[in-house]
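In what follows, a structure is listed as structure tokens, so that the remarks can point back to it.
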Amino acid sequence: MALRYLDEFRDPALAQSLARAIAAAVDPQRTYRFMEFCGGHTHAIARFGLPALLPSNLKLVHGPGCPVCVLPPGRIAQAVAIAEQPRVMLCTYGDVMRVPVRKGESLLAARARGADIRMVGSALEALKLAEANPDREVVFFAIGFETTTPPTAAAILAAEARSVKNFSVLCCHVLTPPAMRHILASGEEAAGVLLDGFIGPAHVSVVIGERPYTEFAHTHRKPVVIAGFEPLDLLQALLMLVRQVNQGRAEVENQYRRAVTFAGNRKAQQMIAEVFTLRPTFEWRGLGILPDSALAICSRYQQWDAERRFPLEPPAIPDHPACQCGAILRGQKEPRDCVLFATACTPEHPLGSCMVSSEGACAAYYHFGRFHEPVAPRKKEYHASA
Amino acid sequence: MCLAVPAEVVELLGEGQARVRIGATTQVVSTALLDEVAVGEYVIVHVGFALTKLDADEAAQTLALMAEWSEEVS
Amino acid sequence: MPAPDSLGAATPASAAHGAGKGAQVTLAHGSGGRATAQLIADCFHRHWHNEWLAQNEDATRLPALTPGHVPVVATDLFTVTPLFFPGGDIGTLAVNGTVNDLAVRGATPRYLTVGVLLEEGFPIATLETIAKRMAAAAAAAGVAIVAGDTKVVERGKGDGLYLAVTGVGEAPVEPVWGAAAIRPGDRLLLSGPLGEHGIAILAARQAVPLETEIVSDCAPLVSLIAAMRATGAPIHAMRDLTRGGLAAAANELARAARVGMVIDEGAIPVHPAVAGACELLGIEPWHLTNEGKLLAFCPPESVEPLLAAMRAHPLGRQAAVIGTVVADPNAFVQMRTPFGGVRLLDWLHAEPLPRIC
């Protein structure tokens with residue numbers, strides 16, 4: 001049974017010819033550097049082995065669009081601390097469960113010590129657990145960019161409608177345009193590393209539409225092409241970006257027209273506006289403190305705000321001093337440029353944000369692409385050649 | 001950054017829920033983010049919610065454009 | 001104590017002979033006295049019959065090996081939740097899993113021993129059902145359960161039931177199937193579609209909100225392997241895919257044999273239902289657990305006869321050549337994507353969790 005709207009966009013023959021079209025379109029005298037902002041794109045590019053199809057002067061730079069990667073470990077420590085409060089049942093998406101915080105600490109480790117931490121696939125599942133367990137305090141750990149935010153808003157609105165009192169949300173939702181702004185700003189400050197354009201996130205754009213990217217095209221003069229998740233989508237989007245660069249255009253184009261509209265999902269946007277408010281500042285792992293880049297629950301819904309119910313400050317937990325995640329997230333360095341990559345820092349023992357989640361730049365490269373590098377003899381996990 | 005998959009709406013369950021199908025697997029999702037949806041339409045599913053409807057015409061046009069651009073090179 | 005949903009709905013009704021309806025395992029059952037003997041008689045000896053178990057001693061004397069054969073032994077622990085799942089149960093899994101470990105080393109499995117660790121409060125009727133299932137699985141696999149032991153731990157100190165199974169078989173002195181025999185140029189043969197057990201368990205555990213008809217592929221591979229051996233075509237190594245899936249098996253053998261592999265993604269059979277579930281969960285099928293699939297390594301000239309034998313067998317209808325062994329001191333398992341790209345088929349550190357990103 002074919003998977004509709006997936007299989008057609010994975011047709012290998014079309015992929016090969018789109019790749020040839022890209023190769024024919026690039027100007028051999030220059031390099032093209034495009035950032036795929038979205039971690040899901042990073043994962044898809046690595047998983048399908050797309051770099052092998054691209055000409056050598058087309059570089060893909062991995063951006064910070066991985067909510068688990070940019071979540072400061074202090075926030076996870078905050079979630080653990082809440083989970084260890086009496087009667088609390090903490091609900092979380094699977095992605096965050098294994099992220100190590102300090103030596104030995106993670107949500108999974110806390111669960112092993114007896115905290116009631118449950119993996120859920122949806123915010124509404126957490127709400128249902130609250131209704132089914134009236135004697136417990138159910139807290140939902142809400143992470144994610146704009147794609148994942150409307151579901152959290154819907155859960156809070158449902159909690160209000162159903163008068164569920166024992167439910168609250170630890171809101172760590174972050175926003176895409178401020179992060180893109182930061183990357184462009186730091187690129188412009190730092191010498192030499194400039195991006196020629198962005199592959200715009202697929203499903204964030206389903207929610208926010210095309211409009212928010214206009215500033216990057218008009219003010220920063222960077223082309224943005226919103227792309228779907230499938231290999232053909234990415235290849236077509238890259239071709240569109242190459243053409244924009246060649247023609248000296250800087251526009252927002254939408255390759256993912258079957259799901260993204262100019263205005264986006266208005267209803268979802270309204271729900272977000274209803275329930276959340278902008279935090280003046282928020283710490284992003286690897287990027288530092290960014291202004292107006294994250295959401296908090298607004299005062300009207302404060303009774304469902306876990307930060308008010310459990311006033312436990314997130315501790316400041318710095319990354320390893322040799323960690324290059326900041327530079328990697330900004331597109332200035334690659335995983336292989338970091339001395340910790342695949343030595344001290346592996347998916348099993350991630351030291352920085354880019355390795356913690358499978359769609360972080362370093363994790364994606366480790367899982368899918370590290371065989372491109374000669375393996376250093378000091379790596380313990382490989383046998384020395386006989 | 002967001003794993004979201006196209007799925008077909010096979011049943012409307014009332015109370016803002018629908019059953020969707022991807023391949024032979026089904027799942028109950030919330031339709032709270034949509035204005036309306038009908039059986040037979042396709043939606044994008046993320047964390048247990050339908051995020052938007054898939055536009056079949058746009059999908060066909062995208063594929064046609066891809067094919068056209070591919071032919072230009074051969 | 002296991003939550004009711006892991007047993008209740010799926011436990012078939014079964015009269016607890018001589019134990020009273022609703023009877024539960026108590027600490028007395030593990031003490032070695034009359035209660036233990038009664039439990040063993042009611043649950044195990046009622047369903048497990050053979051001349052060796054009938055010796056009824058603390059250790060069982062086995063017949064001499066077939067001439068020209070060496071003993072092969074394997075041991076496995078089973079802790080699956082839920083105990084009953086679509087396509088199987090912990091008992092069947094325990095028998096098939098151990099039998100398969102022996103069979104992929106080229107052994108004919110003959111005898112099993114079963115260690116049963118029970119949690120106080122476990123329903124005796126359920127234990128008997130599992131014993132019956134094990135008897136059926138053993139008969140299907142051509143093995144006899146010849147020894148066992150039972151212990152009981154306090155309520156809260158166990159997960160209902162754990163099984164520890166040791167299997168003994170015999171294999172010809174030559175050839176030796178194993179990592180040491182694998183050579184660059186060998187081909188990888190996969191017996192069938194990936195991921196069924198993994199998805200069936202995830203859905204049965206309700207760890208993820210998906211509804212599926214997928215059932216576990218739990219099965220003994222003995223007769224499939226016998227059919228492959230009967231072709232006379234040389235086989236270098238075999239592995240039954242279990243936890244960690246194809247990725248784990250390939251990487252383990254690559255490291256042990258100090259070779260690399262290149263796998264062709266397009267050639268890997270995946271059940272369409274599994275593919276859809278994987279898309280929803282953000283998991284790749286080659287990391288999922290299987291319980292009735294094998295990966296074989298053979299020289300190129302063996303491919304045709306082996307594939308023919310596999311495809312003629314019910315468990316091997318979708319058997320396929322999926323890759324090649326290459327020289328590589330770093331023992332990477334690479335995968336060629338249908339787009340001509342290459343990526344690693346990496347070995348995950350732990351079970352894949354569903355992701356949202």
Side-chain angles (χ1 to χ4, degrees), chain B residues 1-34 37-56 58-60 62-74, chain C residues 5 85-87 192-217 265-266 268-290 318 337-341 343 348 351-357:
Chain B
M1 57 226 66
C2 304
L3 182 71
V5 282
E8 182 187 0
V9 177
V10 293
E11 199 184 340
L12 295 177
L13 299 169
E15 286 177 37
Q17 295 195 303
R19 177 168 275 115
V20 300
R21 187 177 60 83
I22 165 163
T25 306
T26 60
Q27 191 182 55
V28 173
V29 300
S30 164
T31 54
L33 302 177
L34 304 179
V37 72
V39 170
E41 292 188 299
Y42 275 76
V43 292
I44 300 272
V45 173
H46 173 68
V47 297
F49 282 76
L51 277 192
T52 191
K53 292 200 279 194
L54 265 172
D55 187 324
E58 290 286 3
T62 301
L63 284 169
L65 194 57
M66 286 174 178
E68 198 184 299
W69 288 356
S70 313
E71 275 154 30
E72 283 166 15
V73 260
S74 33
Chain C
D5 53 74
F85 47 86
L194 297 179
E196 289 151 58
H197 182 82
I199 295 290
I201 292 288
L202 276 175
R205 245 185 240 162
Q206 280 145 30
V208 291
L210 56 83
E211 304 154 348
T212 176
E213 315 248 291
I214 295 167
V215 304
S216 168
D217 58 334
E265 181 181 338
I268 300 176
V270 178
H271 207 283
V274 169
C278 283
E279 291 296 334
L280 215 42
L281 298 173
I283 289 174
E284 294 191 297
W286 23 90
H287 296 301
L288 285 168
T289 307
N290 306 268
Q318 290 176 266
T337 72
F339 313 100
R343 49 160 281 195
L348 289 191
E351 299 250 321
L353 291 176
R355 58 188 178 99
I356 67 152
C357 297

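So that the names make sense, note that chain A is the first sequence line, chain B the second, and so on, each numbered from 1.
- Contact annotation for I199(C): neither backbone nor side-chain heavy atoms come within less than 4.5 Å of a heavy atom of chain B.
- Summarising the geometry of L3(B) relative to L280(C), their closest heavy-atom pair is CD2-O, 3.8 Å, with the distance given to 0.1 Å.
- The shortest non-hydrogen separation linking V5(B) to E279(C) is CG1-O, 3.4 Å.
- With sequence neighbours excluded, the residues satisfying side chain to side chain contact (heavy atoms under 4.5 Å, CB included) with E58(B) are R257(A), R258(A), D55(B), Q61(B).
- T26(B) meets the side chain to side chain donor-acceptor pair (under 3.5 Å) test with E211(C); sequence neighbours excluded.
- Contact of A275(C) with chain B is not made at all, since no heavy-atom distance falls under 4.5 Å.
- A 6.0 Å sphere centred on CD of E213(C) holds no more than 12 heavy atoms belonging to other residues, nucleotides or ligands.
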